[in-house]
Number of protein chains: 2
Amino acid sequence: MEHNLKEFFDKALKEVSLDCTVFGFHEGELKVLLLRWKGTDGWSLPGGHILLDESADDAANRILTQRTGLNDVYLQQFYTFGNVNRYTYHPEKELLEKLEATFGKGFFDGIIFRRVVSIGYYALVEFDQVQPTPDWFTDECRWWSLADVPNLLFDHNEMIERALKALRQHARNHPIGYNLLPEKFTMPELQRLYETILDRQFDRRNFQKLIMSYDILERLDEKRVGAANKSPYLYRFVKEKYDQAGATGISFSM
Amino acid sequence: MEHNLKEFFDKALKEVSLDCTVFGFHEGELKVLLLRWKGTDGWSLPGGHILLDESADDAANRILTQRTGLNDVYLQQFYTFGNVNRYTYHPEKELLEKLEATFGKGFFDGIIFRRVVSIGYYALVEFDQVQPTPDWFTDECRWWSLADVPNLLFDHNEMIERALKALRQHARNHPIGYNLLPEKFTMPELQRLYETILDRQFDRRNFQKLIMSYDILERLDEKRVGAANKSPYLYRFVKEKYDQAGATGISFSM
DNA sequence: TTTTCTTTGTGTAAAATTTACGCATTAAAA
DNA sequence: TTTTAATGCGTAAATTTTACACAAAGAAAA
């Protein structure tokens with residue numbers, strides 16, 4: 001299906017695209033998932049177009065699955081990018097030539113590099129559960145640390161920036177972690193996630209008190225062993241209470 | 001220009017529209033500006049389409065000016081509506097027939113009532129400064145109290161709901177009032193604005209202390225006279241400090 | 001086996017913020 | 001002149017946030 005672009009586009013919105021910033025958390029860092037276009041060294045966010053009979057939210061899920069192999073992830077729309085020249089930021093002639101060399105001349109005619117408005121979504125996934133799988137357009141699909149993200153095609157660097165801002169805003173007003181951490185985790189691990197997202201440090205005793213006051217966590221009778229120090233307890237989110245706190249909204253004030 | 005829809009659409013994005021929820025504050029109530037389509041009793045938000053050489057933000061301003069006569073207002077994108085059937089919620093056959101009777105059969109063919117994604121903006125305006133002026137498509141352009149808003153065309157009721165949520169969210173994290181109140185206002189007037197937007201009551205003494213602690217207001221040597229009580233002082237926002245507080249972000253915690 | 005090093009678990013006092021509330025004053029209306 | 005209703009100003013109590021110390025655990029080093 002992806003192989004015949006023209007045919008696909010007859011069933012899709014041409015003037016609207018959709019791009020996903022996929023966040024993962026690994027080794028104390030936030031990572032994003034990027035794709036490298038086949039035959040080029042141009043990186044971009046996984047994106048695509050909305051089908052005529054498909055909602056934007058459904059499209060976000062489908063596109064993420066098709067382009068990266070991810071399934072059933074937490075997705076949140078955060079901003080729609082409507083600048084006139086957003087599609088000509090980076091695609092230098094060189095890249096276009098490489099794309100044409102790979103996909104054949106005229107393959108993208110009237111489809112890519114035209115005026116398109118793009119809906120931005122961010123996704124939160126458990127890093128270890130993810131097996132990034134490139135699609136037919138893509139040579140490579142892999143995680144990048146936020147700090148190392150290269151110059152991306154189009155306005156995708158700006159998209160990541162805005163996605164991060166939206167994620168931070170979300171983290172200040174809702175519980176976070178259920179979609180980013182493994183089922184069981186230690187308090188220091190959760191704290192590191194918060195510190196990474198909000199980009200600041202917390203006193204571990206005060207952090208524990210505050211997080212536990214939300215009543216969304218349960219401490220297990222297990223500990224994480226192996227490290228050269230006292231074994232920390234494992235915790236897990238109580239889904240119902242986590243969702244409830246998310247619906248009500250909390251204010252993470254520390 | 002509006003008179004020849006087909007010609008206009010050659011220069012515009014067909015699959016993307018843009019709708020504005022215009023908020024005003026009057027007599028202690030939030031109001032929204034609605035349009036009634038010529039020859040019908042169908043009400044909707046002022047909306048339109050983005051030109052090919054125009055950013056979404058620019059389009060929002062232009063559309064608002066063309067459709068309501070408003071100029072240079074505070075505009076904020078808040079959500080993009082991408083449901084499949086959002087354009088068929090309300091337009092019963094009856095309405096379509098009336099529109100055809102007014103504008104001529106086929107006038108909207110292939111333009112309205114097709115799959116369109118709509119970018120939602122909200123606007124904040126000084127109620128008294130506004131002279132709502134209907135455009136060529138519109139019989140009537142007037143303010144409605146939020147509580148009285150009728151069933152609107154398309155998904156515009158949902159748009160207003162989401163716009164209000166976004167406005168509330170904004171008010172909790174930024175100073176608000178500069179775009180909604182006249183230049184000079186009293187403390188009780190500002191308090192009522194906050195109470196209306198956030199839908200709760202405040203103790204007037206604590207409210208004054210908190211608002212003044214942000215250091216964005218200056219008290220004038222004038223008072224509002226005429227009421228059967230002690231004359232309250234007039235205040236005005238210090239624009240630089242207001243903007244600064246808006247950029248930094250404040251947390252209105254009361 | 002013992003010592004060292006690092007990290008975890010727990011509690012309390014001080015500081016800051018938020019909330020509750022009282023009283024004198026003002027201005028129009030009765 | 002009196003009454004009524006709202007404003008200006010300030011303080012005490014309650015709550016929340018912040019700062020901080022020491023004992024215990026577990027692997028690694030000696």
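Naming convention: chains lettered A, B, ... in sequence-line order (proteins, then strands); numbering from 1 in each chain.
- The only member of Leu153(A), Asp139(A), Thr138(A) that meets side-chain contact (heavy atoms from CB on, under 4.5 Å) when paired with Trp37(A) is Leu153(A).
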Exercise for the section: Give the B/S/- string for nucleotides 24-30 of chain D, one per nucleotide from 5' to 3', where a protein heavy atom under 4.0 Å of the base yields B, of only the sugar-phosphate yields S, and otherwise -. Expected result: BBBS---

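- Within 4.0 Å of Met254(A), counting heavy atoms only, lie sugar-phosphate atoms of the nucleic acid but no base atom.
- Here the CE atom belonging to Met187(B) is positioned 4.0 Å from the OH atom belonging to Tyr235(B), to the nearest 0.5 angstrom.
- By the 6.0 Å contact criterion, NZ on Lys165(B) is open, its count of non-hydrogen atoms from other residues, nucleotides or ligands being 12 or less.
- For the atom pair OG1 (Thr68(A)) and CD1 (Ile63(A)), the distance works out to 10.5 Å, reported to the nearest 0.5 Å.
- Side-chain proximity of Ser253(A) to dG9(C), dT7(D), dT17(D): nearest is dT17(D).
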Please set out all donor-acceptor pairs under 3.5 angstrom arising from side-chain atoms of residues 236-244 of chain B, sequence neighbours excluded.
from, atom 1, to, atom 2, distance (Å)
Arg236(B), NE, Glu218(B), OE2, 3.0
Arg236(B), NH1, Glu183(B), OE2, 3.3
Arg236(B), NH2, Glu218(B), OE2, 3.3
Lys239(B), NZ, Asp243(B), OD2, 2.8
Lys241(B), NZ, Asp215(B), OD2, 3.3
Tyr242(B), OH, Pro175(B), O, 3.3
Tyr242(B), OH, Gly177(B), N, 3.4
Tyr242(B), OH, Tyr178(B), N, 3.2

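- Note: Tyr79(B) and Phe81(B) meet the aromatic proximity criterion, with ring centroids under 6.0 Å apart.
- Arg219(B) comes within contact range of the sugar-phosphate backbone alone, with a heavy-atom separation under 4.0 Å but no base atom that close.
- For an aromatic pair to be called close, the ring centres must be under 6.0 Å apart, and Phe202(B) with Tyr194(B) fails this.
- The stretch residues 197-212 of chain A touches DNA chain D through Asp203(A), Arg204(A), Arg205(A), Asn206(A), Lys209(A), each having a heavy atom within less than 4.0 Å of the strand.
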Practice task
Assess whether salt bridge (Lys or Arg N to Asp or Glu O under 4.0 Å) is satisfied between Glu222(B) and Lys184(B), documenting all intermediate values.
Solution key: CA-CA 9 Å; Glu222(B) 291 175 73; Lys184(B) 300 171 182 181; 2.8 Å; yes

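- For Arg224(B) and dA5(D), the CZ to P distance is 21 Å, given to the nearest whole Å.
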